[in-house]
Each structure stands twice: as C-alpha cells, then as structure tokens.
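A quick note: this is a predicted structure, and the numbers were derived from the prediction, not measured. Labels below follow one simple rule: chain letters A, B, ... track the order of the sequence lines, proteins then strands, and each chain is numbered from 1.
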2 protein chains.
Amino acid sequence: MSTEQVPRRRRNAADTRQLLLHVARLRFIRDGYAATTVRDIADDAGVNVALINRYFTSKEGLFEACLGMAASDINRDVDNITLDQITARMANKIATGTDEGSLQDSLMMLLRTSGEERVNLMRREILHAVSEKLAAAAGRPADEETLLRAQVVLATAIGITLLRTSLRLAPIANADEQDLIGPLTDVVNALLPR
Amino acid sequence: MSTEQVPRRRRNAADTRQLLLHVARLRFIRDGYAATTVRDIADDAGVNVALINRYFTSKEGLFEACLGMAASDINRDVDNITLDQITARMANKIATGTDEGSLQDSLMMLLRTSGEERVNLMRREILHAVSEKLAAAAGRPADEETLLRAQVVLATAIGITLLRTSLRLAPIANADEQDLIGPLTDVVNALLPR
DNA sequence: CACAAATGTAAATGTTTGTTTACTTAGGCC
DNA sequence: GGCCTAAGTAAACAAACATTTACATTTGTG
C-alpha cells in the first residue's frame with residue numbers, strides 16, 4: 001500500500017492560487033460561506049492559512065473569486081443556447097456528476113452568500129444575464145412576461161439542483177439524464193412555447 | 001413622542017419560548033444557521049442569551065425547534081390538497097408577503113442546514129412527505145415517475161422562492177399573484193396532467 | 001406576608017474565528 | 001555557485017463565538 005503521499009507539489013504561486021480556488025469552491029458549495037473556515041480550506045489544499053490572505057486578501061476575497069469562476073462557467077453553458085438545446089443541456093448538465101465547473105456546482109455557488117451587499121449584486125447580475133439569454137433563446141420579443149417565464153425555467157433548474165445536491169431527496173436525487181429529460185421537456189415547452 | 005419602551009412583558013416562560021422561536025426563525029431564514037449568532041436572536045427578542053440554552057439546550061436545539069415549526073406549517077399547507085388547488089395555492093402562498101408561517105418562510109427554513117446529520121434527515125423526511133402529497137393530488141398511481149414529477153413541481157416552488165426572497169431577482173421578485181398564476185399553471189399542468 | 005420555585009440577568013469561560021507578523025525555505029538569474 | 005526575491009510556514013493576535021455559572025428578581029401560593 002502506498003503511503004498516499006501527495007506528489008510533492010513544487011512551489012508555484014499560480015498553481016497554489018488555483019488549488020485554493022478549487023478546494024474553496026467545493027467547501028463553499030457544500031457548507032456555505034459562514035460554515036466554511038479558512039483553516040478548512042487551507043487544510044484541504046495542504047497549504048498554510050496565511051496564503052489565503054496573501055493571494056486573495058481575505059476570506060471574502062476568496063469567495064468573490066469563486067463566484068467569478070462560477071459566473072464564467074455558467075455563462076459559457078448558456079451562451080448562444082437555442083430553445084431546442086435548453087432541455088437537453090439542462091438534463092445532461094444537471095444529471096452529470098459534480099465535476100469541476102459543472103452546472104450544478106455553478107448554480108449552488110450562486111446561491112451562497114457572504115452577507116456582503118456587493119456580492120449580492122454580483123449574483124443578481126449573473127442570474128439576470130442568464131435569464132435574459134434563456135429568454136432570448138425563446139426567440140420571442142424580450143418582454144417582461146418572457147423574461148419572467150425564463151426565470152421560472154431557471155428556478156426549476158435551481159430547485160432541482162438543490163433537491164439533488166444539498167437535500168439528496170429521493171427519487172429526484174438519484175434520477176439520471178434519461179429520467180429527467182421527460183419532465184424537463186414538459187416544463188420548458190410549457191413555459192417557453194415556440 | 002413616546003419613549004418607544006416595549007410594553008414591559010410579564011415573566012412567562014411559554015411566551016418567551018415562543019418569542020425566541022419567532023425571532024430565531026426569521027434570522028435563520030434570512031441569514032442561515034452559521035451566520036446567525038445566539039446574541040443576534042437574544043437581542044431581537046430583547047432577552048438574555050442564556051435563555052436560549054435554558055429553553056432549547058443549545059443553538060442547535062433552537063434550530064431544530066424552528067424546523068419543526070416549518071414542518072407543521074408546510075404540512076398544513078399541502079394537506080389534502082387537490083390537483084386544482086396546487087397552482088392557485090402556490091401562486092397565492094408564494095406571492096403573499098412573508099408573514100409568520102408563510103409558505104415562502106417554511107420553504108426557506110427547510111433549505112437551511114446546521115450541519116447536523118439528524119437535521120438533514122428531518123428535512124428529507126418533511127420534503128418527501130410533501131412531494132408524496134403532491135403526487136397523491138395528481139390522482140394517479142403513486143409510481144416513481146409521478147413522485148419524480150411531483151418533486152419537480154416542488155423544485156419549481158423552491159426555486160421561485162429562492163429567486164424572490166434570497167436573490168431578489170427582478171422581475172420574478174416583484175411578480176404578484178396574478179403574474180405568477182399563468183406560468184405556474186403551465187408548469188403544473190405540464191408535469192402532472194390529469 | 002413570607003418564602004420557594006420559576007424566570008431572568010450579568011459576567012466569565014474556553015474555543016474558534018480571520019488576520020497579521022516574523023521567520024524559513026526554495027528557485028531562478030547573472 | 002552565491003544571492004536575492006518569491007513562496008511558504010509557524011506562531012501569535014484580538015475579536016467573536018456558544019455555553020455555563022453564580023446571582024438577582026419576579027410570581028404564585030400557603
């Protein structure tokens with residue numbers, strides 16, 4: 001049996017910064033901002049606590065950086081999306097496991113709050129952009145009602161993600177892509193008919 | 001101008017207990033478990049911190065009591081509900097402001113976690129019961145797919161509540177009962193066709 | 001009215017928190 | 001190859017935290 005020694009990482013600021021981002025994101029998503037301690041994060045990364053303040057000035061700064069990552073990931077997912085793709089991509093991205101930058105992760109990250117008002121504004125802007133892209137995919141004039149309906153689609157995605165990852169409620173938590181695609185198709189077609 | 005002195009409440013264990021429950025629920029819903037301090041709660045109630053431990057043994061105990069309240073409230077809301085009522089009641093209960101025991105409050109409370117596994121089990125049981133009642137309202141045999149579809153309805157309610165109360169995302173955050181009833185009807189009919 | 005139990009408070013306790021400081025170690029460049 | 005800067009660490013810091021203890025006040029009752 002190997003000694004499970006992590007292959008001793010060489011000193012590299014960029015790599016360490018990235019590593020901290022990665023493990024912090026997982027913690028923030030799973031436990032939330034307040035319940036996550038900077039020592040938790042540092043231990044996960046196998047580095048000293050002080051590095052968090054060195055690279056991100058504060059716990060808050062690290063959180064904002066994680067939020068920025070989630071924003072990029074989720075924007076990439078919904079960019080130039082078409083109405084036909086919404087259902088399939090939602091089912092796929094939601095059902096697919098929690099790998100780095102998955103839609104589930106990004107959505108959960110967007111639900112986390114640090115209490116800072118600036119962060120709340122960021123979250124609102126990101127989600128507003130997402131719902132506008134969904135509304136645009138519907139192809140209809142971007143009126144208030146279309147936007148509202150797009151946000152209900154978004155709400156469904158968020159709710160499903162919550163029930164699956166945070167609450168682990170059966171059977172939806174164990175549903176695979178194939179199980180989800182039917183209900184999701186019905187919801188999207190009902191909310192954003194072509 | 002009056003001195004704004006709160007009408008000095010007489011000593012009464014039951015009343016104080018209830019008062020603590022009330023203000024704690026609001027805090028837990030708004031700020032989450034970890035971000036809420038027992039001093040916040042005690043100050044809101046205008047009583048000494050030690051009373052929390054006296055009446056609920058711990059912060060955790062107080063949280064569980066709040067969760068129990070939310071469970072009762074939400075069960076009352078979905079008990080014996082019929083398919084026709086789901087849409088109207090969802091739209092009404094979601095749109096209606098955040099008064100004591102509102103559906104929005106109960107749902108938000110169910111999303112809060114203290115980290116304790118026992119609490120996670122409670123939340124899962126409550127939501128499972130809710131989704132079973134929704135499935136029962138659909139009138140169809142209680143197979144897995146009906147339950148899954150009922151949980152997607154629940155997910156939509158949760159998502160909308162989150163977007164409204166926690167993220168305050170416009171325009172869904174400002175939508176009134178009349179604005180919501182259309183999209184909600186479409187979603188419920190699509191997921192649980194009669 | 002007195003007194004005992006119930007209700008409430010103030011203050012102290014020991015952790016845990018995020019952050020800072022002073023120090024050590026590794027790595028690239030002339 | 002020595003050296004200077006970048007990268008990382010250990011230890012200490014004060015503030016905030018949940019909880020406990022010891023004490024005060026109110027309230028119902030004989």
Side-chain angles (χ1 to χ4, degrees), chain A residues 5-28 30-67 112-119, chain B residues 5-28 30-67 112-119:
Chain A
Q5 185 72 13
V6 182
R8 207 64 204 122
R9 177 177 45 83
R10 292 187 26 117
R11 289 191 171 185
N12 182 329
D15 283 0
T16 306
R17 224 191 91 102
Q18 207 62 25
L19 178 62
L20 279 172
L21 266 177
H22 176 68
V23 299
R25 215 169 105 109
L26 293 182
R27 281 277 180 181
F28 287 143
R30 210 186 36 175
D31 304 333
Y33 179 81
T36 299
T37 75
V38 289
R39 282 179 176 81
D40 288 339
I41 297 170
D43 288 352
D44 284 354
V47 302
N48 190 272
V49 209
L51 291 188
I52 290 175
N53 296 86
R54 179 193 286 279
Y55 292 132
F56 301 97
T57 62
S58 67
K59 179 189 178 186
E60 178 77 29
L62 175 54
F63 183 74
E64 284 187 47
C66 289
L67 205 55
R112 299 308 189 184
T113 173
S114 69
E116 281 286 309
E117 197 48 44
R118 189 187 339 79
V119 169
Chain B
Q5 185 72 12
V6 182
R8 207 65 204 122
R9 176 177 46 83
R10 287 183 39 112
R11 288 190 171 187
N12 182 330
D15 282 1
T16 306
R17 225 190 92 101
Q18 207 60 27
L19 179 62
L20 279 172
L21 265 177
H22 176 68
V23 300
R25 215 169 104 110
L26 293 182
R27 281 278 180 181
F28 286 143
R30 209 186 35 174
D31 304 334
Y33 179 82
T36 298
T37 74
V38 289
R39 280 181 178 79
D40 289 338
I41 298 169
D43 289 351
D44 285 352
V47 302
N48 190 272
V49 209
L51 292 188
I52 289 175
N53 296 87
R54 178 193 288 278
Y55 292 131
F56 302 96
T57 62
S58 67
K59 179 187 178 184
E60 178 78 28
L62 175 55
F63 183 75
E64 285 187 45
C66 290
L67 206 55
R112 298 309 188 183
T113 174
S114 68
E116 281 286 309
E117 197 48 44
R118 187 185 341 81
V119 169

**Q.** Approximate separation, where rounding is to 0.5 Å, of B:Arg54 CZ and B:Thr16 OG1
**A.**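 Going from the CZ atom of B:Arg54 to the OG1 atom of B:Thr16 covers 10.5 Å.
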(Q) What's the separation between atom CZ in B:Phe28 and atom CG in B:Leu67, rounded to the nearest 0.5 Å? (A)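 Rounded to the nearest 0.5 Å, the CZ-CG separation comes out at 10.0 Å.
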Expressed as a whole number of angstroms, how long is the span from [X]:[atom1] to [N]:[atom2]?
X: A:Lys59; N: C:dT17; atom1: NZ; atom2: P; value: 9 Å
X: A:Asn53; N: D:dT9; atom1: CG; atom2: C1'; value: 14 Å
X: B:Asn48; N: D:dT19; atom1: CG; atom2: P; value: 14 Å
X: A:Asp43; N: C:dT16; atom1: CG; atom2: P; value: 13 Å
X: A:Arg17; N: D:dG8; atom1: CZ; atom2: C1'; value: 16 Å
X: A:Arg54; N: C:dT24; atom1: CZ; atom2: P; value: 16 Å
X: B:Asn12; N: D:dT25; atom1: CG; atom2: C1'; value: 16 Å
X: A:Ile52; N: C:dT17; atom1: CD1; atom2: P; value: 12 Å

Q: Measure distances between side-chain N and O atoms of A:Arg11 and base N and O atoms of C:dT25, and say whether any donor-acceptor pair falls under 3.5 Å.
A: yes
(Q) What's the closest nucleotide to the side chain of B:Ala13 if the choices are C:dT7, C:dT21, D:dT20? (A)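 The answer is C:dT7.
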Q. Distance-only, no hydrogens or angles: does the B:Arg27 side chain make a donor-acceptor pair with backbone N or O of B:Thr36 under 3.5 Å?
A. no
Q: Say whether, by atom type as modelled, one donor and one acceptor occur between the side chain of B:Thr57 and the main chain of B:Asn53 under 3.5 angstrom.
A: no
Q) Considering heavy-atom distances to DNA chain C, does A:Val49 or B:Ala50 have its closest nucleotide positioned more toward the 5' end? A)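 Its nearest nucleotide being more 5', the pick is B:Ala50.
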Q) Which of these passes side-chain contact (heavy atoms from CB on, under 4.5 Å) with B:Gln18: B:Leu20, B:Asp15, B:Leu21? A) B:Leu21
Q.
At less than 4.0 Å, is any side-chain N or O atom of A:Tyr55 found next to OP1 or OP2 of D:dA7? Yes or no.
A.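 No, no such contact exists.
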Q.
Strictly below 4.0 Å: does A:Thr16 bring a side-chain N or O up to OP1 or OP2 of D:dG8?
A. yes
Q: Specify the residue among A:Arg39 and A:Leu51 whose closest nucleotide of DNA chain D lies further upstream toward the 5′ end.
A: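 Its nearest nucleotide lies further toward 5', so the answer is A:Leu51.
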